[in-house]
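What follows is a set of notes on a single structure, which appears directly below.
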Amino acid sequence: LISFHDHTLMIILMILTVVAYMMITLALNKNVNRFMLEGQMIEVAWTIIPAIILIFIAVPSLRLLYLMDEIHKPTLTLKEIGHQWYWSYEYSDFLKVEFDSYMMPQDESNKNMFRLLDTDNHTTLPMNSFIRIVVTAADVLHSWTVPSLGIKTDATPGRLNQCSFLINRPGLFYGQCSEICGANHSFMPIVIESINTNMFINWISNLS
């Protein structure tokens, strides 16, 4: 995702440079040709060149889209259920490991917390492991989104959507519901806590 972002940004930068140069040149140019009625060659050029540029953006974009939909052999499966207005999590590979995750009330927050983004229960996952997430909703449409992981999956009642990701470093990753799901839509934060495998095994053992 980062490589594709940089690739697209360079293309946009080149387009901006050319367009800015042409606009400045036209603004400062005092030459006038009142017999110039059409320019077929330049019209062909400014139709074909953008089409070629779009191909250079579309090919890596489609490749990345299919790679992100590919589900590798997952080490762990996590199920997220969207409610009005909180998230429930189930670790499907373990017996009776499930909990609800609510936003921390503002009066309980301190300087070390992010306002409207912290939860009472963090979703703990092992790093350097392929994680499959299965997303659904219990009432209305929600969207389970963690931008820093490149994850955005719609939670639809009566339907299971899945995607996978791999976290390559420890830390906290924040997200929110990205579907306008009702009055408290903005109070459904998501916190992913990435830890090493041994710590995760100890954590899951204590919950089991």
Side-chain angles (χ1 to χ4, degrees), residues 1 64-72 74-127 129-167 169-195 199-208:
L1 282 170
L64 188 60
L65 194 64
Y66 280 103
L67 283 174
M68 289 175 67
D69 279 341
E70 185 72 25
I71 302 294
H72 302 274
T75 309
L76 180 71
T77 299
L78 175 68
K79 183 178 180 182
E80 293 97 18
I81 305 168
H83 299 271
Q84 290 179 313
W85 283 272
Y86 63 95
W87 293 100
S88 294
Y89 296 94
E90 298 176 7
Y91 288 79
S92 306
D93 302 315
F94 305 93
L95 294 174
K96 295 181 180 178
V97 180
E98 54 187 54
F99 56 84
D100 297 331
S101 181
Y102 292 88
M103 187 188 74
M104 290 288 288
Q106 294 183 43
D107 54 354
E108 293 182 20
S109 61
N110 56 42
K111 292 182 180 179
N112 298 321
M113 293 183 181
F114 288 107
R115 180 178 171 271
L116 302 181
L117 279 179
D118 252 306
T119 59
D120 56 353
N121 290 316
H122 292 176
T123 309
T124 306
L125 294 172
M127 56 186 282
S129 303
F130 278 108
I131 311 295
R132 174 174 59 191
I133 62 168
V134 179
V135 185
T136 188
D139 33 54
V140 297
L141 288 172
H142 300 280
S143 183
W144 198 81
T145 306
V146 184
S148 53
L149 296 177
I151 296 293
K152 182 176 182 181
T153 306
D154 288 338
T156 310
R159 178 185 173 89
L160 293 176
N161 290 329
Q162 70 171 2
C163 65
S164 67
F165 60 90
L166 182 143
I167 307 173
R169 61 187 173 87
L172 293 175
F173 302 88
Y174 293 88
Q176 285 180 303
C177 174
S178 295
E179 191 76 49
I180 300 176
C181 58
N184 292 331
H185 155 69
S186 55
F187 305 106
M188 290 183 67
I190 300 159
V191 182
I192 302 291
E193 184 173 355
S194 173
I195 57 178
M199 290 177 65
F200 175 78
I201 291 170
N202 293 335
W203 177 80
I204 206 80
S205 300
N206 292 332
L207 284 182
S208 301

Within the distance-only criterion (no hydrogens, no angle test), does the side chain of [X] pair as donor or acceptor with the backbone N or O of [Y] below 3.5 angstrom?
X    : Y    : result
S205 : W203 : no
H142 : E179 : no
S194 : R169 : yes
T136 : T156 : yes
N161 : V135 : no

Notebook entry, point to check: Do the rings of Y91 and F99 sit parallel, tilted or perpendicular, given the 30° and 60° boundaries?
Noted result: tilted
Next item on the list: Classify the angle between the aromatic ring planes of H83 and Y86 as parallel (below 30°), tilted (30 to 60°) or perpendicular (above 60°).
Entry: parallel
Specify the closest pair of heavy atoms between [X] and [Y], including all atoms of both residues, with the distance to one decimal.
X    : Y    : result
V191 : D118 : CG2-CA, 4.1 Å
W85  : G182 : CZ2-CA, 3.6 Å
D139 : Q84  : OD2-N, 3.0 Å
P147 : Y174 : CD-O, 3.6 Å
L141 : C181 : O-CB, 3.1 Å
I190 : C177 : CD1-N, 4.4 Å

Counting C-beta onward and ignoring hydrogens, is there a side-chain heavy-atom pair between [X] and [Y] closer than 4.5 Å?
X    : Y    : result
N121 : W87  : no
S143 : K152 : yes
P126 : I131 : yes

Next item on the list: Determine, stepwise, if the pair K79 / L160 fulfils side chain to side chain contact (heavy atoms under 4.5 Å, CB included).
Entry: CA-CA 9 Å; K79 183 178 180 182; L160 293 176; 4.3 Å; yes
Just verifying a value: how many Å separate [X] [atom1] and [Y] [atom2], rounded to the nearest 0.5 Å?
X    : Y    : atom1 : atom2 : answer
W144 : L78  : CH2   : CG    : 6.5 Å
I133 : L76  : CD1   : CG    : 11.5 Å
L149 : L166 : CG    : CG    : 10.0 Å
D120 : M103 : CG    : CE    : 10.5 Å
I151 : S164 : CD1   : OG    : 7.0 Å
Y89  : D100 : OH    : CG    : 10.0 Å

Next item on the list: Please check if atom CG in L64 has more than 12 non-hydrogen atoms from other residues, nucleotides or ligands closer than 6.0 Å.
Entry: yes
Checklist line | side chain to side chain contact (heavy atoms under 4.5 Å, CB included) evaluation trace for F114 with L172 | finding: CA-CA 11 Å; F114 288 107; L172 293 175; over 6 Å; no
